[in-house]
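Structure first, then comments.
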Amino acid sequence: MLNIDALVLEKIPKPTPSQRRAIEYIIEEYDEVIFLPASRVAQKARVSEATLVRVAQYLGFSGYPAMQRMLRKDLQERLSTVSRLEKTIKHVKDEGDILMKVIQEDIKNLKETLRDLPVETFCHAVNKIVEARRIYVIGLLQAHAPALVLASALRILREEIYLLDGRVDDWDVISGVGSKDLVIGISIPRYTRLTVEIVAYAHKHRANTGAITDSVLSPLANSADWILPVKRRLDSYIESFTAAISLVNALVTAVSIKNPQETLKALKKREALWKEKEVFTGVKK
């Protein structure tokens, strides 16, 4: 299936403002774009028709009609699987239906994240985590959950892992960031200003920067050296972080097997400490 986000990452990693508007419209108004002529899409996206055509060409198509045909084909392929799920979750009657609907939506988020996430970028992120001297992780409000999981899991394996949580001293913690360090920002709509600013600051100071976010159009993308996009849609007043946490689980697991001997050594040390301090109930000295 067609993956616009992955194509943009590969072909237009730093889109201009007009290109961003065109790409954003293509992604958000997918169903409209497959039917409208280029002139109308350009008008709605507030860009020139030439910009829209160039975006299509940068993405590897001969022109707008070729991209449109591929979008139509992609939609047909999606409908064969997605529409069945959407029909199942469309009508909610009671709490039991809500339980089914939310879990099915999260299953959909997981499947689409796995489908659309570039494996090469994931491998690159794992290597950057392994290579970094110090790692800073920031995710605020609901995004603090996957940030906490990531930082806590990495802290078991190595030292110099810093979790930023929106306190006034976050700028003091990040002030010494440099080229051998890694800063990972986690945010999905609505994006938190401090997360965006921290990643931008780190990028300015030559640190490697990564983003776990929903799209290449996320404000985090402007300062991120690599982006791991996750799906997050949920028919609720909150966004879903299920795919983000699953991605974090995959990251730390992949990191742990890069150097299995060091990982086993670190785990044995932690297990001894947990046993000594009776961290877990039922554990005896």
Side-chain angles (χ1 to χ4, degrees), residues 120-187 192 194-213 220 223-228 230 241 244-285:
E120 297 81 4
T121 307
F122 175 82
C123 296
H124 178 73
V126 170
N127 288 330
K128 289 301 178 183
I129 291 173
V130 171
E131 295 167 0
R133 175 184 60 180
R134 293 177 298 209
I135 298 175
Y136 303 83
V137 182
I138 180 167
L140 304 179
L141 300 178
Q142 294 175 48
H144 190 63
L148 176 61
V149 173
L150 177 58
S152 298
L154 290 176
R155 212 174 265 150
I156 292 173
L157 302 178
R158 51 174 294 177
E159 299 177 350
E160 302 244 46
I161 306 294
Y162 302 93
L163 176 63
L164 308 181
D165 56 9
R167 294 180 300 181
V168 293
D169 65 345
D170 278 352
W171 286 113
D172 294 328
V173 175
I174 201 73
S175 63
V177 72
S179 60
K180 295 181 180 179
D181 302 324
L182 168 64
V183 176
I184 302 174
I186 305 176
S187 190
T192 48
L194 181 60
T195 303
V196 174
E197 290 180 352
I198 288 287
V199 174
Y201 177 88
H203 184 72
K204 181 179 178 181
H205 287 78
R206 300 179 62 192
N208 187 257
T209 51
I212 297 175
T213 188
L220 283 176
S223 302
D225 296 310
W226 46 267
I227 303 164
L228 295 174
V230 293
F241 282 87
I245 291 178
S246 185
L247 172 60
V248 164
N249 290 340
L251 280 172
V252 296
T253 302
V255 168
S256 72
I257 64 173
K258 290 290 285 187
N259 192 334
Q261 295 304 318
E262 287 297 318
T263 295
L264 288 172
K265 181 179 177 181
L267 289 178
K268 287 178 181 178
K269 182 179 178 181
R270 289 286 181 166
E271 288 288 352
L273 177 62
W274 294 335
K275 184 177 182 180
E276 177 188 343
K277 301 302 179 182
E278 297 186 356
V279 171
F280 301 106
T281 183
V283 175
K284 303 297 183 181
K285 291 184 179 180

- Item | Point-to-point distance, once rounded to the nearest 0.5 Å, from CG of L273 to NZ of K275 | 12.5 Å
- Is V130 close to N259 at the side-chain level, that is, under 4.5 Å between some pair of heavy atoms? no
- Message: Could you measure the distance from the OG1 atom of T192 to the CD atom of E197? Nearest 0.5 Å is fine.
- Response: 9.5 Å
- Side-chain heavy atoms of T263 within contact of I257, under 4.5 Å: no
- Message: With a 4.5 Å cut-off on side-chain heavy atoms, are V252 and L154 touching?
- Response: yes
- Query: With no hydrogens and no angle check, is any side-chain donor or acceptor of T195 less than 3.5 Å from a backbone partner on G139?
  - Reply: no
- Item | Heavy-atom side-chain proximity of I135 to R158 below 4.5 angstrom | yes
- Item | Rounded distance (nearest 0.5 Å) linking atom NZ of K258 with atom CG of N127 | 4.0 Å
- Does D181 reach the main-chain N or O of R133 with its side chain, forming a donor-acceptor pair under 3.5 Å? no
- Task: For L140 and G166, work out which heavy atoms get closest and say how close.
- Result: CD2-N, 3.4 Å
- Result of checking L163, V248, N249, L247 against L150 for side-chain contact (heavy atoms from CB on, under 4.5 Å): V248
Distance-only check: which donor-acceptor pairs under 3.5 Å involve side-chain atoms of residues 200-207, not counting sequence neighbours?
from : atom 1 : to   : atom 2 : distance (Å)
H203 : ND1    : S223 : O      : 3.2
H205 : ND1    : Y201 : O      : 2.9

- Between atom CZ of F241 and atom NE2 of H144, what is the distance when rounded to the nearest 0.5 Å? 12.0 Å
- Query: Ignoring hydrogens and geometry, is there a side-chain-to-backbone donor-acceptor pair from T209 to V183 under 3.5 Å?
  - Reply: no
- Query: Taking all atoms of both residues into account, what is the closest heavy-atom pair of G185 and L220, and its distance?
  - Reply: O-CD1, 3.9 Å
- Task: Give, for atom CD1 of I138 and atom CG of L194, the distance between the pair rounded to the nearest 0.5 Å.
- Result: 4.0 Å
- Message: My understanding is that only residues two or more places apart in sequence, or in another chain, count here; which of them pass salt bridge (Lys or Arg N to Asp or Glu O under 4.0 Å) with R155?
- Response: none
- Item | Residue pair S187 / V196, side-chain heavy-atom distance below 4.5 Å | no
- Take I227 and T121 through the side-chain contact (heavy atoms from CB on, under 4.5 Å) test and state the conclusion after the steps. CA-CA 7 Å; I227 303 164; T121 307; 5.8 Å; no
- Nearest heavy-atom pair of G210 and L182: which atoms, and what distance? N-CD1, 4.3 Å
- Just wondering, do L251 and I212 contact through their side chains at under 4.5 Å, heavy atoms? yes
- Any side-chain heavy atom of N208 within less than 4.5 Å of one from W226? yes
- Residues in ring pair (Phe, Tyr, Trp, His ring centres under 6.0 Å) with Y136, at least two apart? Y162
- Which value, rounded to the nearest 0.5 Å, describes the distance between I129 atom CD1 and H124 atom NE2? 10.5 Å
